[in-house]
Structures are given as C-alpha cells and as structure tokens.
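Okay, structure first, notes after.
Chain naming here is simple, since letters A, B, ... match the order of the sequence lines and numbering starts at 1 in each.
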Amino acid sequence: MTTKPVRTRFAPSPTGRMHIGNARSALYPFLLARRMGGTFILRIEDTDQKRYEPGAEQELINGLHWLGIHYDEGPDIGGPYGPYRQTERRAIYHEHAWKLVELGKAFPCFCTSERLEKVRQEQLKNKQNPRYDGACRVIDPDEARRRVNAGEKYVIRFKMPKEGSITTADLLRGSITTENSALDDSVLLKSDGLPTYHLAAMVDDHLMEITHVIRGSEWLPSLPLHTHVIRAFGWDEPIFVHLSVFLKPSGKGKMSKRDRAEVMKDGYSIFLGDMQELGYIPEGVLNWIALMGWGVPEDDVMTLDQMVERFDIDGLTASPAAINFQKLDHFNGAHIRLLRTEDLAARIKPIYTQAGFRVDDGTLLKVTPLIRERLVTLDDCLAFGGFFFLEDVDPNPQELIAKGLDAGQSAEIARKSYEILAALPELTHSAAEPPMRAYVEQGGHNVNQVFGILRVAATGQKVSPPLFESMEIIGRAKVLKRLKNAIEILEKM
RNA sequence: GCCCCCAUCGUCUAGCGGCCCAGGACGAAGCCCUCUCAAGGCUUAAACAGCGGUUCGAGUCCGCUUGGGGGCACCA
C-alpha cells in the first residue's frame with residue numbers, strides 16, 4: 001500500500017441535533033488525522049431533503065468547535081476539494097451515476113414507488129426477502145436512454161452481479177465475504193436528481209482522497225455494496241473502520257434520540273447542546289466518549305492533545321458500548337480539577353451571572369480554588385459558592401441548631417463565637433481558627449457543633465467549602481452581620 | 001423471516017499462545033485524612049457466556065450453541 005497522506009472526514013447529515021454518537025464519529029477520524037499529521041475534513045451529507053433541518057448544520061459546526069475538534073476543510077471554511085456540502089455537488093453525482101450506466105454497472109429504472117411497494121408486499125407474503133425484482137434491468141440501454149430524454153421519471157440503480165461473491169474488509173473485523181445474491185440493485189441516484197448515500201459518499205470519499213473511512217457500524221451491512229460501487233469505478237478502496245454503536249445505559253438496545261426524556265430526568269443528556277447547558281465541559285465529554293470504543297491501559301484522564309499522542313486506530317473496539325453517565329460525571333469532575341484557576345473562574349463566571357449573582361473578579365478568583373474539587377459540573381458552583389456573592393443569607397432555623405443541642409444552647413454558641421470573631425482585628429483563616437478551636441475545647445462542645453452553627457450562619461447552608469477560608473473571603477463585616485442575624489433567629493425560637 | 005457484526009468484573013476496557021490464580025477506570029463496600037461536602041490515599045468484593053476442537057500450553061486461534069447488537073428504503 002502506498003503511503004498517501006492521511007485524510008479523514010466527519011460526514012454527518014444535518015437532520016437533527018448533535019449527539020454523542022456524532023461527536024465520537026468526529027473524534028476518532030480527527031485523532032487519526034492529527035496523530036498521522038494528516039487532514040481532517042467536515043462534509044455535510046444533506047441529500048435527503050425530506051429530513052433536512054435548517055440549523056442542524058450550524059449546530060454540528062458549533063458542537064465541533066465547542067469540543068475543540070477543528071477541521072481543516074469544510075463547508076464554511078472551504079478547501080481544495082470542495083464544495084463540502086453534497087447538495088452543491090449534484091452535477092458530480094449525476095455524471096458519476098451515468099458513468100456507471102455507460103460502463104454497464106448500473107441502469108435507469110422507471111418503476112413507480114407504488115409498483116415497488118406492491119412487489120415488496122408480495123415478496124413478504126411469499127416469505128421472500130424484499131428486493132428489487134429487476135424489471136428495468138432488462139430494458140435495452142438505448143430504449144432507456146430515449147425514455148429518460150423524453151422526460152420520464154427515473155432513478156439509477158446499481159446492477160448487482162447475480163453470481164459470485166465479494167470480499168471486503170473492515171480494519172477491526174478483518175475480511176467479510178458476502179454472496180452477491182444476497183445484495184440488491186440499490187438506488188444510487190434518486191428521482192429528484194440527488195444521490196443516495198451509497199453513491200454520494202463513495203464518490204466524495206474518492207474525490208476528496210479520503211484514506212480512512214471511519215463511520216458507524218450501521219453501515220457495515222452495506223459495505224459490500226459500497227465496495228462494489230467503488231470497484232465498478234475502478235477506484236482504490238479506502239480503509240474502512242466501523243465503530244460500534246452506543247447502547248442505552250441498561251445495555252438494552254441502541255441509544256437513540258428518542259431516549260432523551262428518559263435520560264433528562266436523571267439530569268443527563270446525549271445532546272451536546274444540553275450537556276453544555278448542564279455544566280459539562282468539553283474536556284470531560286471528550287474524554288468520556290473517547291473511552292467508549294477505545295481502551296488505554298492506564299491513566300485514562302486525558303486531554304485532547306494527550307489523546308492525539310496516544311491514539312491508535314487498531315485499538316478501537318468492535319463491540320457495542322453501553323453508555324454510563326456516572327463515568328461522564330467522573331471525567332467531568334476530573335477535568336474541572338485540572339483547570340487553572342483563571343480558566344475555571346472564567347467558565348463559571350457566566351453561570352453565576354446568568355443566575356443573577358453579581359460577581360466581582362477578585363472574589364471569584366479567591367472562591368474558585370475553594371470550590372474546584374467539589375464540582376462535578378460547572379453548574380455546581382451555584383450550590384457550593386453562591387453565598388459568596390450575596391449580601392445576606394437566609395439560613396434554615398432548624399439547621400442552625402447543632403446536633404445534640406437545643407436552640408438556646410446553639411444561640412449561646414453563636415453569641416460566644418460572635419464575641420471571639422468580633423474581637424479579632426482581621427477575620428482571616430489563620431487568625432480565626434485558633435481562638436475558635438480553643439473555645440470549642442473550653443466550652444465542652446465538639447467542633448462539628450460549633451463549626452456547624454457557624455457554617456450555617458455564615459454561608460446559609462449545611463455544606464460549604466472549608467469554614468475559615470470561606471469566612472475570610474466573605475469578609476469580617478458580612479460574617480458578623482450574618483452571625484448576628486443567626487443569633488436573632490435562634491433567640492426567637 | 002433473511003443477512004451481517006459482537007461476546008473479559010454491574011459498566012467502559014487492558015490483554016494481540018506461555019509475562020494472567022487476568023490489569024486499569026467508573027460504580028459499590030470498608031478504612032485513613034477531616035469543621036460539613038468533596039478531593040486525595042489505602043483496602044476489599046466483582047469477569048475470561050457454554051461446549052467442543054487446535055496446541056506441550058488458550059482469555060488469546062477454529063467451530064458450534066447461547067446471548068446481545070445492527071441492517072434489510074428513491075434515509076443517512
């Protein structure tokens with residue numbers, strides 16, 4: 001085999017929202033191209049005008065951009081092999097379809113869909129496999145040409161050999177031999193003049209000099225057809241790699257877009273747009289999907305660059321993978337912990353802002369390190385650190401009462417704590433903790449009781465980042481004010 | 001129904017004939033650390049689907065069975 005420069009592609013159809021399946025179908029060819037110093041391209045397969053959704057292409061582009069999967073050639077940026085949108089390549093497919101007709105490898109078919117449907121029903125009734133019955137295969141080529149020129153509606157079908165077999169290859173599975181008799185005279189060019197996938201993708205992959213076709217395993221059954229088409233043109237075949245499908249978390253059945261509601265109620269989604277809104281970061285999502293279908297021996301928390309370094313296309317897995325959202329959480333949290341403070345701060349700032357908090361950068365930079373290791377998603381910053389940006393907090397009275405104590409005793413602790421803290425010239429972590437600990441011992445209480453009251457009073461919540469670091473950031477004045485408020489609440493109980 | 005693919009802990013996987021009484025990660029359990037919650041550290045439970053071959057030797061190769069998945073459109 002010659003050592004042509006590696007060219008891979010992600011070729012989605014703009015028929016819906018971008019999901020994790022799409023993302024992985026883009027990731028692997030991207031990793032391969034980068035790993036091999038090759039080129040990665042985006043091609044839009046929009047030949048189905050019935051399922052076409054405006055806006056889907058943009059969502060795809062946004063998704064890739066968000067993930068950091070950058071393409072070298074594509075519909076919006078152009079490139080030497082364009083256009084990269086199949087509807088803009090009509091003439092190319094038309095020409096190629098007729099080329100096959102001339103070569104005797106394809107034929108025009110004038111059958112109506114009604115007739116086709118009738119034939120199919122009959123075949124089904126007779127327990128035969130539904131298949132084109134070959135009615136137009138026998139039409140004289142000149143006669144067919146005349147009817148086409150006369151304006152009759154037609155499609156072009158591949159003329160599948162009746163005998164013999166074909167051996168194709170998938171990188172992960174080895175060679176696969178199929179009897180031609182099991183194959184159909186598939187439609188290559190539709191009556192609307194646009195090609196089907198079987199023609200368009202083969203033509204484009206050849207013309208765009210794609211070396212590795214990485215695609216979903218739903219294409220495996222049509223690989224023999226595709227190989228026939230490629231060989232009919234006399235072209236070299238690219239290396240085919242069929243990715244396993246994603247299964248539902250239960251492992252029962254393919255994960256589909258229709259499962260969105262099911263998964264959403266657990267706070268998850270398979271759509272990139274949703275995931276972004278839920279506070280997942282691209283690094284986490286990428287790491288997660290990368291490892292469903294690809295295994296590394298150890299150190300599985302990786303950035304995109306690290307994936308590029310370690311990627312090996314032979315290491316992909318052929319078996320279906322059940323998705324596991326807990327693992328997504330794990331990777332997301334792990335990558336959040338890997339972010340530099342300024343970076344993380346910049347990412348959570350808009351979340352605070354959108355939630356209505358007034359955020360100043362100085363405080364944010366101090367808060368960020370405190371909450372970093374507690375975040376699973378970026379959105380968690382609200383629960384863990386919202387009180388830093390509030391003037392007052394609103395503690396739950398019951399939570400102000402320490403375990404094992406009553407309201408009066410808790411109030412006493414709060415008052416004493418107030419005195420201690422108020423006596424300090426500055427409320428810093430190092431200044432406040434020793435006297436408070438001394439008080440805990442003298443008072444005969446335990447740290448959980450005293451610090452617990454203080455925590456709820458100062459932060460308004462039972463769970464927070466470390467108490468004294470938090471109070472230092474909140475600031476002396478505000479802490480005392482909140483404590484006073486807590487004392488009042490307790491005294492009224 | 002027909003065709004194709006897949007098969008290691010609950011899940012994602014490492015393993016490409018001896019290095020495996022099977023390694024890592026998530027999750028689970030326990031312990032440590034500890035002002036809460038996390039993070040972190042340590043430990044434990046947990047798998048080669050079954051049956052036949054091939055071989056001195058099989059998780060690794062072959063076949064069958066079973067289970068799972070995918071596909072059979074003028075959709076991709």
Are any of [X]'s side-chain N or O atoms less than 4.0 Å away from OP1 or OP2 of [N]?
X        : N     : value
A/Arg131 : B/C72 : no
A/Lys252 : B/G10 : no
A/Asn129 : B/G1  : no

With rounding to whole Å, what would you report as the distance between [N] and [M] at their [atom1] atoms?
N     : M     : atom1 : answer
B/G10 : B/G27 : C1'   : 8 Å
B/U60 : B/U44 : P     : 28 Å
B/A47 : B/A22 : C1'   : 9 Å
B/G71 : B/G63 : P     : 25 Å
B/U8  : B/G67 : C1'   : 15 Å
B/C48 : B/G41 : C1'   : 31 Å
B/G23 : B/G68 : P     : 29 Å
B/C61 : B/A7  : P     : 9 Å

Is it the case that the base of B/C6 and the side chain of A/Ser319 share a donor-acceptor contact (distance under 3.5 Å, atom types as modelled)?
no
Determine the contact category for [X]: base if any of its heavy atoms lies under 4.0 Å from a base atom, sugar-phosphate if only primed atoms, P, OP1 or OP2 are that close, otherwise nothing.
X        : value
A/Ala318 : sugar-phosphate
A/Asp300 : sugar-phosphate
A/Ser191 : base
A/Glu469 : base
A/Thr47  : sugar-phosphate
A/Pro195 : sugar-phosphate
A/Thr196 : sugar-phosphate
A/Arg173 : sugar-phosphate
A/Arg337 : sugar-phosphate
A/Gly315 : sugar-phosphate
A/Arg157 : sugar-phosphate
A/Gly253 : sugar-phosphate
A/Leu220 : sugar-phosphate
A/Trp288 : nothing

May I ask which nucleotide in the shown strands pairs with [N], Watson-Crick or G-U wobble, both distances under 3.5 Å?
N     : result
B/G10 : B/C26
B/A45 : none
B/C19 : none
B/G1  : B/C72

Taking the six-membered ring for Trp, are the ring centroids of A/Phe10 and A/Tyr71 within less than 6.0 Å of each other?
no
Would A/Trp98 and A/Tyr154 count as a close aromatic pair, with their ring centres under 6.0 Å?
yes
Could you walk me through whether A/Ile139 and A/Phe110 pass the side-chain contact (heavy atoms from CB on, under 4.5 Å) test, one step at a time?
CA-CA 10 Å; A/Ile139 297 175; A/Phe110 304 95; 3.9 Å; yes
Using the six-membered ring of A/Phe271, assess whether NZ or CZ of A/Arg17 lies under 6.0 Å from its centre and within 45 degrees of the ring axis.
yes
Would you mind telling me which residue lines up with the more 5' stretch of RNA chain B, A/Ser222 or A/Val447, judged by nearest nucleotide?
A/Val447
Go nucleotide by nucleotide along RNA chain B from the 5' end; which of A/Phe468 and A/Val155 gets its closest nucleotide reached first?
A/Phe468
NZ/A/Lys257: more than 12 non-hydrogen atoms of other groups inside 6.0 Å:
yes
Please say whether more than 12 non-hydrogen atoms of neighbouring residues, nucleotides or ligands are located less than 6.0 Å from CD in A/Gln49.
yes
Under 3.5 Å: donor-acceptor pair, side chain of A/Arg137, backbone of A/Met160
yes
